[in-house]
Amino acid sequence: MKKALICGAGGFIGSHLVKRLREKDYWIRGVDLKYPEFSKTEADDFIIGDLRDPRICIHVMDQAFDEVYQLAADMGGAGYVFTGHNDADIMHNSALINLNILDACYKKNVNKIFYSSSACIYPKYNQDDPDNPKTSEKSAYPAYPDSEYGWEKLFSERLYLSFHRNYHMNVRIARFHNIFGPEGTWEGGREKAPAAFCRKIAEAQDGGEIEMWGDGEQTRSFLYIDECLEGVDRLMKSEFTGPVNIGSEEMVTINQLAEIIMHITGKKLTIKHIKGPLGVRGRNSDNRLIKEKLGWAPKYSLKEGLNKTYLWIQEQVKEKSHEA
Ligand code: NAD
């Protein structure tokens with residue numbers, strides 16, 4: 001039986017990863033500041049701990065692990081990452097976690113380590129045209145991410161690659177592009193666009209109005225959680241270190257994203273465009289490298305993923321209104 005340590009196992013992707021690896025008969029230890037919010041963890045063992053503390057990182061590796069998945073980060077959607085108000089925390093907290101975890105993996109001789117980087121590392125100057133954003137892996141340099149979150153991810157990618165180069169550590173790095181699905185943050189300020197619009201649309205009365213930051217013509221692609229985890233699994237099994245994009249190539253405008261969700265619900269709502277934090281003008285995943293290296297790329301449609309996510313968020317909204 002393989003043993004895995006999942007850092008950030010109380011978060012959205014981490015808690016889904018626990019479930020997936022349990023299905024594959026792994027023995028799993030999760031670690032996070034908190035337990036998963038929306039369902040009971042399926043990890044065999046779960047430690048509540050702060051990975052900014054190097055002693056905790058050593059402690060959680062008090063036994064041999066075949067694989068470590070490092071997903072813990074101080075992060076959120078545009079409302080958290082792009083306002084500038086959280087920059088110091090984002091950089092300091094996430095950098096400390098990565099420095100500590102990697103050092104502990106080295107000292108404890110961990111066999112294989114996965115690191116979740118982000119599409120936010122790509123240079124702003126390649127993402128000004130909403131119809132033609134560039135995100136091939138090699139376009140990351142010269143570096144110019146549009147947020148401190150992206151700079152920290154880029155620094156940490158380089159940190160993992162340095163340990164790979166100097167200490168021959170077996171690392172895998174993926175750049176996730178907007179992962180979404182049920183049991184993700186859907187309110188409170190850290191939620192991302194798909195969850196935010198599912199919530200707003202679920203809360204609105206038919207014929208009403210929802211607010212959207214910006215003109216809605218900025219483009220993005222969104223990847224359903226199951227496909228993200230399939231990509232992680234394939235990357236871990238491959239001989240390819242990365243970094244490699246794990247994202248969808250189905251690019252839509254944010255207006256289209258909201259319209260797809262409205263279509264799912266049958267509600268007709270007016271979109272009111274207001275000022276707000278936005279990020280780059282356009283972004284899409286470039287899947288040429290993942291196809292070449294892994295012979296695979298995600299293909300699940302955005303609509304299918306939104307269908308499942310909307311149903312889950314609608315339930316959350318209903319439950320909350322009953323509680324109130
Ligand atoms: P998340 O915020 O749901 O999960 C991150 C988890 O890390 C949280 O549960 C949080 O409590 C935990 N954490 C934060 N600081 C910690 C600390 N000091 N000690 C222990 N745990 C700590 O985010 P997610 O969406 O599940 O993302 C997982 C990873 O994937 C992150 O590294 C994120 O940057 C990366 N990523 C996510 C996306 C996405 O669209 N969700 C896109 C690109 C990259």
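From a predicted model like this one, the values you see are computed outputs, not experimental measurements. One-based numbering along the sequence shown. In listed order, ligands and their atoms are each counted from 1.
- The heavy atom nearest to atom 11 (O) of ligand 1, out of those in Asn98, Asp32, Ile13, is found in Asp32.
- Contacts between Phe180 and ligand 1, counted as non-hydrogen atom pairs separated by less than 4.0 Å, are absent for every part of the residue.
- The closest heavy-atom contact to atom 32 (O) of ligand 1, among the options Glu37, Glu152, Lys153, comes from Lys153.
- Residue contact check: Ser116 has heavy atoms under 4.0 Å from atoms 29 (C), 30 (O), 31 (C), 32 (O), 35 (C) of ligand 1.
- Counting all heavy atoms, side chain and backbone alike, Ile121 lies closest to Ala140 at CD1-CB, 3.6 Å.
- Remark: Lys19 engages Glu183 in a salt bridge, criterion side-chain N to carboxylate O under 4.0 Å.
- Those atoms of ligand 1 that come under 4.0 Å of a heavy atom in Gly49, given as number and element, are 19 (N), 20 (C).
- The protein heavy atom nearest to atom 44 (C) of ligand 1 is Ser117 O, 3.3 Å.
- Electrostatic pairing of Asp286 and Arg288 counts as a salt bridge here, judged by a charged N lying under 4.0 Å from a carboxylate O.
- In summary, Lys320 and Glu187 engage in a salt bridge, as defined by a charged side-chain N under 4.0 Å from a carboxylate O.
- Every atom of ligand 1 is numbered from 1 in the order shown, and the set under 4.0 Å from a heavy atom of Asn178 is 40 (O).
- Between Lys268 and Asp206, no side-chain nitrogen of the basic residue sits less than 4.0 Å from a carboxylate oxygen of the acidic one, so the salt-bridge criterion is not met.
- Ranking the protein heavy atoms by distance from atom 29 (C) of ligand 1 puts Leu71 O, 3.1 Å first.
- At least one N/O-N/O distance between Gly11 and ligand 1 falls below 3.5 Å.
- Clustering of Ile, Leu, Val, Met, Phe, Trp and Tyr side chains at separations under 4.5 Å places Trp213 together with Ile274, Leu278.
- The existence of a salt bridge linking Arg55 and Asp50 is excluded, since no basic side-chain nitrogen approaches an acidic carboxylate oxygen closer than 4.0 Å.
- Every atom of ligand 1 with a heavy atom of Gly10 under 4.0 Å away is listed here by number and element: 9 (O).
- Atom 34 (O) of ligand 1 has as its closest protein heavy atom Tyr149 OH, 2.6 Å.
- Residue-level proximity to ligand 1 for Ile97 is carried by the side chain, the only part with a heavy atom below 4.0 angstrom.
- Using a 4.0 Å cut-off between charged nitrogen and carboxylate oxygen, Arg175 and Glu157 count as a salt-bridge pair.
- Contact check on Arg52 versus Asp74 returns no salt bridge, with no Lys/Arg side-chain nitrogen under 4.0 Å from an Asp/Glu carboxylate oxygen.
- In this structure, atom 21 (N) of ligand 1 lies nearest to the protein heavy atom Leu33 N, 3.5 Å.
- When heavy-atom distances to ligand 1 are checked against a 4.0 Å cut-off, Cys7 has no atom that comes that close, whether in backbone or side chain.
- The protein non-hydrogen atom at the shortest distance from atom 18 (N) of ligand 1 is Asp50 OD1, 2.8 Å.
- Note: Phe222 and Phe180 have perpendicular aromatic rings, judged against thresholds of 30 and 60 degrees for the angle between ring planes.
- Atom 39 (C) of ligand 1 has Lys192 NZ, 2.8 Å as its closest protein atom, hydrogens excluded (heavy atom only).
- Residues Arg199 and Glu191 have side chains in contact (heavy-atom distance under 4.5 Å, counting atoms from C-beta outward).
- The protein heavy atom nearest to atom 23 (O) of ligand 1 is Met75 SD, 3.3 Å.
- When the heavy atoms of Ala9, Ala72, Pro36 are ranked by distance to atom 7 (O) of ligand 1, first place goes to Ala72.
- For ligand 1, the atoms closer than 4.0 angstrom to any heavy atom of Leu51 are 17 (C), 18 (N), 19 (N), 20 (C).
- Heavy atoms of Ile179 found under 4.0 angstrom from ligand 1 belong to the backbone as well as the side chain.
- Contact annotation for Arg175 and ligand 1: no heavy atom of the residue comes within less than 4.0 Å of the ligand.
- In this structure a side-chain-to-backbone donor-acceptor pair under 3.5 Å is missing from His177 to Ala119.
- Atom 3 (O) of ligand 1 has as its closest protein heavy atom Phe12 N, 2.9 Å.
- Ring geometry for Tyr160 versus Tyr115: interplanar angle under 30°, hence parallel rather than tilted (30 to 60°).
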